[in-house]
Amino acid sequence: MFTYTACLTSAGLLLWFSRSLVASAEQVWLSSCSICFIMSPKNVIFKKTCKDKSVGVFMGKRDFVDRVDSVDPVDGVILIDPEALAGRKVFVTLSCTFRYGRDDMDVMGIAFRRELYLATRQVYPPLQDRDKAVHTRVQAKLLRKLGNNAYPFFFEFPDNLPCSVALQPGPHDVGKQCAVEFEIKAFSAESQDAKVRKRSTVKLMLRKVQYAPEGQEVAPSVEITKDFVMSDKPLHVQATLDKELYYHGEPIKVHVNVTNDSNKNIKNIILSVDQVANVVLYSNDNYSKCVDIEESGDSVSAGAKLQKVYTLLPLLANNRERRGIALDGKLKHEDTNLASSSVVKEGVLKEVMGIMVSYKVMVKLIVGGMMGSSEVGLEVPFRLMHPKPDAVRWRRRWCLRSSSAPT
């Protein structure tokens, strides 16, 4: 009898089955080419096999962290069936692809996709001793559990690849969206360059992510002084944020200070968070999208002052139907969020980064006048990222201790 359970892990919403009276290491195949998991008290193992059962991929994680100066290596284990292979070799590839159109679209034979990185390893027959190819504890445990037909693989990311990011398609768009994608592919063939059968190929999507760096930069502050014709004194506006780095889902407080020494009246103050996605690889296009806005209705008459704190909260939940919003890359059956700010290692060419993402707070003052209204605006840049998982766990422990402390 099978027990059906939904399990939320750091990799997202995973679907897994377990037998009630069988050891946790037992393998359960959902279908001939679907993802399975070996559950243990500490972690989840991602497993996927090809249709002809000749090759299966086992990995301990699918999210790999880019720390700017280094990136988590990609490691896993390949399980083979010698009888199904029938003398064929087994290869594993790690690829990074920038897709800017559907696979079935092409112009003069040129597909709308470009491989930014491709590395291939021969796994079977092994080119070196199996024990010497083990790099991680997860690999060692999997090899002991899976037996003599399991072989490890290992890749290191170069430091000039972009992170996983995608542009949100419109409600009626079909096909795959414009995105930077990472993928592990294992296949069996007579040789590396031979034609590969789909039945002998298994693919597993990966994700390259960045977390917020430790420490904060100086809180950004921007000010502007505007002179008007027929006005002896200027208008002065200052906008300041509490900090330079915000986490997804965290409110952004904007301190606005207006000193209106001019003879003009401020009719309205509008604040917004703009996401700027720069597609640098093929056209250097800029897509600026407002992801949160507040029309305050505040006015400042001539000779008056205003000091006020406004709150903005950019969320994907309020932008799900909008085409062209940049999102963090996602795995199947997972939700995602607005794309994190891009952090690039110094010296790396931005042209190979695919899609660069940045954020800014826009403050616009609508100024009334005899000839109609005009705008006075300023931009305050900031970064929007995820905290490191360790930092999140520390905060949760601290909050639990604080809430349980006697009062």
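Atoms considered below: every heavy atom in the structure, side chains included; atoms not considered: hydrogens, waters and symmetry mates. Please read all numbers here as calculations on a predicted model, not as lab measurements.
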**Q** Which residues satisfy the side-chain hydrogen bond (donor to acceptor under 3.5 Å, both in side chains) test with Lys253, sequence neighbours excluded?
**A**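 Here no residue qualifies.
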**Q** Look at atom NZ of Lys243 and say whether more than 12 heavy atoms of other residues, nucleotides or ligands are closer to it than 6.0 Å.
**A**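 More than 12 heavy atoms, drawn from other residues, nucleotides or ligands, come within 6.0 Å of this atom.
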**Q** Any side-chain heavy atom of Val74 within less than 4.5 Å of one from Met59?
**A**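 The answer is yes, as the side chains (C-beta and beyond) meet within the 4.5 Å cut-off.
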**Q** Does some side-chain heavy atom of Pro162 sit less than 4.5 Å from a side-chain heavy atom of Ile355?
**A**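 They are not in side-chain contact.
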**Q** For this output row, return yes or no: ring centroids of Tyr359 and Tyr246 closer than 6.0 angstrom.
**A**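 No, they do not, as the ring centres are separated by 6.0 Å or more.
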**Q** Does any donor atom in the side chain of His255 or Asp242 lie under 3.5 Å from an acceptor atom in the other side chain?
**A**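 There is such a pair (donor and acceptor under 3.5 Å, judged by atom type) between the side chains of His255 and Asp242.
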**Q** Flag the pair Lys360 / Met362 as yes when at least one side-chain heavy-atom distance between them is below 4.5 Å, and no otherwise.
**A**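 Side-chain contact under 4.5 Å: yes.
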**Q** Verify whether one side chain among Ser188 and Arg88 offers a donor that lies under 3.5 Å from an acceptor in the other.
**A**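 Yes.
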**Q** Measuring from atom CG of Asn265 to atom CG of Leu235, what distance do you get when rounded to the nearest 0.5 angstrom?
**A**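 Going from CG on Asn265 over to CG on Leu235, the span is 11.0 Å.
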**Q** Does any N or O in the side chain of Gln275 come within less than 3.5 Å of the main-chain N or O of Pro314, such that one atom is a donor and the other an acceptor?
**A**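 Not a single qualifying donor-acceptor pair exists.
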**Q** Is it the case that Lys264 and Ser231 place a side-chain donor and acceptor less than 3.5 Å from each other?
**A**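 No, Ser231 and Lys264 have no side-chain donor paired with an acceptor closer than 3.5 Å.
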**Q** Suppose we screen for salt bridge (Lys or Arg N to Asp or Glu O under 4.0 Å). Which residues come up paired with Lys208, at least two apart in sequence or across chains?
**A**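 Result, salt bridge (Lys or Arg N to Asp or Glu O under 4.0 Å) vs Lys208: Asp66.
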**Q** What distance separates Asp292 CG from Leu338 CG, expressed to the nearest 0.5 Å?
**A**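 Rounded to the nearest 0.5 Å, the CG-CG separation comes out at 9.5 Å.
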**Q** Take Val138 and Ile45 through the test side chain to side chain contact (heavy atoms under 4.5 Å, CB included) and record every step on the way to the result.
**A** CA-CA 9 Å; Val138 173; Ile45 298 298; 4.1 Å; yes
**Q** Which residues pass the side-chain contact (heavy atoms from CB on, under 4.5 Å) test with Lys233, sequence neighbours left out?
**A**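 Residues passing side-chain contact (heavy atoms from CB on, under 4.5 Å) with Lys233: Asp261.
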**Q** Does Phe153 have Arg121 sitting over its ring (NZ/CZ under 6.0 Å from centre, angle to axis within 45°)?
**A**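 Relative to the ring axis of Phe153, which defines the angle, Arg121 lies outside at least one limit.
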**Q** Can Lys185 be said to sit on top of Phe187's aromatic six-ring, NZ or CZ under 6.0 Å from centre and within 45° of the ring axis?
**A**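 That pair qualifies as a cation-pi contact.
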**Q** Below 30° counts as parallel, above 60° as perpendicular, anything between as tilted: where do the rings of Tyr124 and Tyr151 land?
**A**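 Rings of Tyr124 and Tyr151: tilted, as their planes differ by 30° to 60°.
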**Q** Does Phe155 reach the side chain of Ile184, with side-chain heavy atoms less than 4.5 Å apart?
**A**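 Yes, side chains in contact.
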**Q** Report the C-alpha separation of Arg62 and Leu204 in whole Å, then their side-chain angles, then the decisive distance to 0.1 Å, and conclude whether the side chain to side chain contact (heavy atoms under 4.5 Å, CB included) test is met.
**A** CA-CA 9 Å; Arg62 297 172 73 181; Leu204 200 60; 3.9 Å; yes
**Q** Please work out which of the three classes, parallel, tilted or perpendicular, describes the rings of His386 and Tyr211, given edges at 30° and 60°.
**A**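 Perpendicular: the ring planes of Tyr211 and His386 meet at over 60°.
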**Q** Compute whether any side-chain donor of one residue and acceptor of the other, for Asp328 and Thr336, lie under 3.5 angstrom apart.
**A**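 Short answer, no.
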